[in-house]
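Report on one structure; see the data block that follows.
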Amino acid sequence: MTSSVNDLRVLVDNLDEYIHIPGGIDRLKKMILHLAVSGQLVPQDPSEGTGEQLYQQIQIEKQKLIAEGKIKKQKPLPEISDDEIPFEIPGNWKWAKLGNLHSKITDGSHNPPHGDATGLPMISSRNVVDNKITLDNARYLSKDKFNKENERTRVEAGDILLTIVGTIGRTAVVNKEDLPLTMQRSVSVLTPIILNNNYVATCVFPSSYMQSILEEEATGTAQKGVYLNQIKELLLPLPPLAEQKRIVAKVDSLFALIDQLSQQYTAEQAERSKLVASSLARLARGDSTAEQNLALTHLGEVIRTKADAKVLRQTILHLAVSGQLVPQDPS
């Protein structure tokens, strides 16, 4: 654990450098998510209870839903062996299988009907992007077709959508504004019991730990996919509910800061590119002006990227073949 914390400190201390290198932002976010799901991002508070206590509350609520006929009794999942534990978590957390923490884990239609020009949306994995639901290129069904397809899935606000065919592992939490909608087979719906759905959707599933497992579990030739039984067997690091909320808030704030710095860097890069182009254009003209001399004097500060260096080489060659690189000697 100490190693991961130290790695984060190095990343934060060199944040400006990581924003400037390809893949640096993605690496930084992955590190934050790993710390989040391993209990190292926020401190533990004994007054918030334990993951075991939360797990028992979930099982009580699940039995209540079964007794009320709201969900079907499910086949018990095998106990978690020590060999299955992927990494260390705090003592007040608990490893639990996803199937034991949700009242519903199902997928959409395996034989979706033909779409209509208008109607209600049926989404596929391409409609779950960046933790949001988009209706771009969605299929639309008449009300009768929609109701028939929606009998089994019954997507509700607060549910978690997970892509399980094609591009696997993308998630989105369903909001009231997204409804009504139903799904094709490439999307599964998870209904959590006494869990922070954003902890599951925006911290656990996007983490390198969960993404690597989904990639390993995926099978298929034309399009890879994972089965519902595999989803139910996935291990989730379970902190107390209050800590889940604190983790989500911390991840959101850190990601917002990183995105803000990234946007600033992008804007700075655009301005710097203009400066590079202007400076090299003055050099290419070869006129001995104050602007040209200034550009030459500060060349080391202006040229920073491979693209800049390529343009500089072209400029130097142009000066060479146009007689402007070295002075002429009458002798």
Side-chain angles (χ1 to χ4, degrees), residues 26 65 70-72 74 98-99 101-193 195-207 210-234 236:
D26 185 53
L65 293 173
K70 294 181 179 179
I71 63 173
K72 295 180 180 179
Q74 301 169 356
L98 224 62
L101 304 174
H102 294 76
S103 61
K104 177 174 64 181
I105 298 180
T106 189
D107 56 6
S109 174
H110 288 223
N111 297 293
H114 292 294
D116 298 288
T118 59
L120 301 172
M122 167 178 266
I123 66 168
S124 66
S125 59
R126 65 186 175 188
N127 301 114
V128 180
V129 183
D130 295 331
N131 298 320
K132 296 178 182 177
I133 300 169
T134 171
L135 297 182
D136 294 343
N137 300 313
R139 179 179 300 192
Y140 287 85
L141 305 178
S142 66
K143 187 174 182 180
D144 289 342
K145 289 180 182 178
F146 180 93
N147 289 338
K148 183 178 180 181
E149 294 299 328
N150 201 37
E151 285 178 2
R152 184 169 67 94
T153 55
R154 195 69 62 179
V155 181
E156 299 177 349
D159 284 348
I160 299 168
L161 301 186
L162 171 68
T163 59
I164 58 174
V165 176
T167 304
I168 300 168
R170 293 200 301 243
T171 56
V173 176
V174 180
N175 297 311
K176 289 182 180 179
E177 298 77 20
D178 300 318
L179 299 173
L181 61 83
T182 190
M183 314 171 308
Q184 298 182 40
R185 145 81 174 111
S186 58
V187 182
S188 66
V189 57
L190 292 72
T191 303
I193 304 174
L195 284 179
N196 186 296
N197 48 20
N198 282 304
Y199 170 70
V200 179
T202 65
C203 296
V204 177
F205 272 108
S207 68
M210 189 64 81
Q211 290 291 312
S212 63
I213 291 179
L214 290 171
E215 185 177 345
E216 291 173 5
E217 295 282 345
T219 57
T221 50
Q223 273 194 322
K224 288 193 172 184
V226 291
Y227 295 100
L228 295 179
N229 285 338
Q230 293 172 297
I231 300 297
K232 294 174 183 178
E233 291 277 356
L234 293 174
L236 182 140

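Because the structure is predicted, anything quoted here is derived from the model rather than measured.
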With Ser103 via side-chain hydrogen bond (donor to acceptor under 3.5 Å, both in side chains) - residues at least two apart | none
Could you pull out the closest heavy-atom pair between Leu228 and Ser188, with the gap in Å?
-> CD2-CB, 4.1 Å
Mind checking the OG-CZ spacing from Ser109 to Arg139? Nearest 0.5 Å is all I need.
-> 8.5 Å
Can you list, pair by pair, the side-chain donor-acceptor contacts under 3.5 Å of residues 174-183, counting residues two or more places apart and other chains?
| residue | atom | partner | partner atom | Å |
| --- | --- | --- | --- | --- |
| Asp178 | OD2 | Asn175 | N | 2.8 |
| Thr182 | OG1 | Thr153 | OG1 | 3.3 |

Compare every heavy atom of Pro192 with every heavy atom of Asn197, then report the nearest pair and how far apart it is.
-> CB-CG, 4.1 Å
Contacts of type side chain to side chain contact (heavy atoms under 4.5 Å, CB included), residue Lys224, not counting sequence neighbours = Ile168, Ala218
What's the shortest heavy-atom distance between Leu98 and Ile231, and which atoms?
-> CB-O, 3.4 Å
Leu234 vs Leu214 side-chain heavy atoms within contact, under 4.5 Å | yes
Asn131/Val173 under side chain to side chain contact (heavy atoms under 4.5 Å, CB included): CA gap, chis, key distance, verdict = CA-CA 7 Å; Asn131 298 320; Val173 176; over 6 Å; no
Nearest heavy atoms of Pro113 and Leu141, plus distance in Å | CG-CD2, 3.8 Å
Any Ile164 side-chain heavy atom under 4.5 Å of Arg185 side chain = yes
For residues Val187 and Ser125, report the shortest heavy-atom separation together with the two atoms involved.
-> CG2-N, 3.5 Å
